[in-house]
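Every value quoted in this text rests on a predicted model; they were computed, and no experiment measured them. Convention: sequence-line order gives letters A, B, ...; per-chain numbering from 1.
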Number of protein chains: 2
Amino acid sequence: MTATAARTSPRKRASNGATRRNDADEIGLDALVGHAGYAVRRFQIWIFQDFIKTLGAVDIRPTQYSVLTVIGANPGLSQMAVAKRLGIERARLVHLLDSLEQRRLVKRIKSKADRRSHALHLTTQGEAALAKFKQLAAEHERHVEDKIGKANRERLLQILAGFT
Amino acid sequence: MTATAARTSPRKRASNGATRRNDADEIGLDALVGHAGYAVRRFQIWIFQDFIKTLGAVDIRPTQYSVLTVIGANPGLSQMAVAKRLGIERARLVHLLDSLEQRRLVKRIKSKADRRSHALHLTTQGEAALAKFKQLAAEHERHVEDKIGKANRERLLQILAGFT
DNA sequence: GGAAGATTGTTGTTGACGACAACAATCGTC
DNA sequence: GACGATTGTTGTCGTCAACAACAATCTTCC
């Protein structure tokens with residue numbers, strides 16, 4: 001079994017022993033093909049790398065973008081609410097907000113209603129910046145379209161809509 | 001703008017100020033919906049967690065499973081070849097193989113053709129174990145079907161086939 | 001044949017990220 | 001007013017990707 005080695009491209013001559021195969025180009029994945037998780041993982045890596053590169057000039061990573069977007073769309077939210085909504089741990093959100101606050105994109109305002117919590121808002125500077133980020137994110141989304149096709153991207157969003 | 005707050009479930013009465021919203025159930029994501037990367041990330045987290053739980057009894061994580069599968073399908077591969085094929089860094093593969101070798105699932109055999117490299121093989125114990133792992137992985141895949149639907153899973157695999 | 005450059009496995013460091021536990025301040029409830 | 005729960009914070013731990021450096025070995029080129 002396992003003799004799926006359909007050799008193409010006689011690049012280097014199989015050396016001497018039977019141990020050596022072709023270097024990297026024709027390696028069967030066997031059961032891995034057919035696993036949704038594997039395909040999704042590889043795709044997710046690709047998509048994040050493109051996002052990071054496309055938003056590289058403004059130094060915004062996917063998680064930061066998601067936080068800014070949610071705050072922008074729902075000003076006054078508490079850290080707990082944002083963390084729950086995005087599936088981020090509140091401990092982690094603390095550092096994310098520290099960074100965004102240092103960059104003057106976000107403000108933590110002590111809530112009068114609940115003095116434990118902070119109401120999160122974008123600064124005016126943050127609003128302007130987010131507008132720019134959204135343009136770049138849209139460009140990134142076009143890269144996705146170029147990669148898998150417009151119709152496939154639509155279908156993908158539809159299939160995964162349940163994960164919000 | 002941003003007034004997409006379509007309130008349902010009058011759970012707690014909006015307290016006093018206008019700052020408080022409902023707690024966590026109806027928060028707009030704004031631009032985040034429509035971003036493939038966000039949906040894919042959330043889905044990938046879900047799918048990995050289910051994989052880890054389903055293969056929890058045998059203590060095999062997704063990356064370990066992918067390594068075992070590729071070695072099983074292509075015995076004699078070098079570490080470099082496996083790393084390239086799976087998109088893992090060779091530095092990281094070292095530790096993965098250390099662990100798998102300690103568990104007597106994988107052997108590193110010094111290649112005679114290239115004395116720098118190791119030919120990777122499953123042990124007989126490893127082959128038997130992998131068969132069991134594949135059964136559990138198939139069960140996990142059924143969970144995915146239950147979650148997004150059989151047809152959608154097929155379509156997903158088709159769309160992402162290019163990422164191997 | 002031998003020097004120069006590339007490759008393989010290994011070790012180590014860094015930074016992003018998720019999971020958990022502890023803590024003080026505050027809230028809600030009884 | 002006391003007790004339990006919640007919020008933000010700090011810290012630790014383990015996973016994972018990205019780099020850099022290194023010794024051993026291979027390949028290539030003169």
Just checking, any donor-acceptor pair under 3.5 angstrom between side chains of A/R42 and A/Y38?
yes
Length of the line joining [X]:[atom1] and [N]:[atom2], which is rounded to integer Å:
X      : N      : atom1 : atom2 : answer
A/K110 : D/dT9  : NZ    : P     : 11 Å
A/K53  : D/dA18 : NZ    : C1'   : 15 Å
B/L86  : D/dC16 : CG    : P     : 13 Å
A/K107 : D/dG8  : NZ    : P     : 18 Å
B/H118 : C/dT8  : NE2   : P     : 13 Å
A/M80  : D/dA5  : CE    : P     : 15 Å
A/L97  : D/dT9  : CG    : P     : 8 Å
A/R42  : D/dC16 : CZ    : C1'   : 14 Å

Using links of under 4.5 Å between side-chain heavy atoms of ILVMFWY residues, direct or through other members, which residues join [X] in one cluster?
X      : value
A/L160 : A/V40, A/F43, A/W46, A/I47, A/F48, A/V144, A/I148, A/L156, A/I159, A/F163, B/V40, B/F43, B/W46, B/I47, B/F48, B/V144, B/I148, B/L156, B/I159, B/L160, B/F163
A/V94  : none
B/I45  : none

Side chain to side chain donor-acceptor pair (under 3.5 Å) partners for [X], two or more places apart:
X      : result
A/T63  : none
A/E101 : A/R108
B/Q44  : none
A/Q64  : none

Would you tell me if any nitrogen or oxygen in the side chain of B/R108 comes within less than 4.0 Å of OP1 or OP2 on C/dT10?
yes
Is there a side-chain contact between B/Q79 and the phosphate of C/dT10, meaning an N or O under 4.0 Å from OP1 or OP2?
yes
Backbone of B/R153 reached by a side-chain donor or acceptor of B/E145 within 3.5 Å:
no
According to salt bridge (Lys or Arg N to Asp or Glu O under 4.0 Å), who are the partners of B/K134, at least two apart in sequence or on a separate chain?
A/D30
With B/H140, which residues qualify under ring pair (Phe, Tyr, Trp, His ring centres under 6.0 Å), at least two apart?
B/F51
Using five pairs at either end of the helix from C/dG1-D/dC30 to C/dC30-D/dG1, determine the angle between the two local helix axes and round it to 10 degrees.
20°
How does protein reach along nucleotides 11-24 of chain C, written 5' to 3' as B (base within reach of a heavy atom under 4.0 Å), S (only sugar-phosphate), or - (no contact)?
BB---SSSBB-B--
Heavy-atom protein contacts under 4.0 Å, nucleotides 25-30 of chain C, coded B base, S sugar-phosphate only, - none:
BBS---
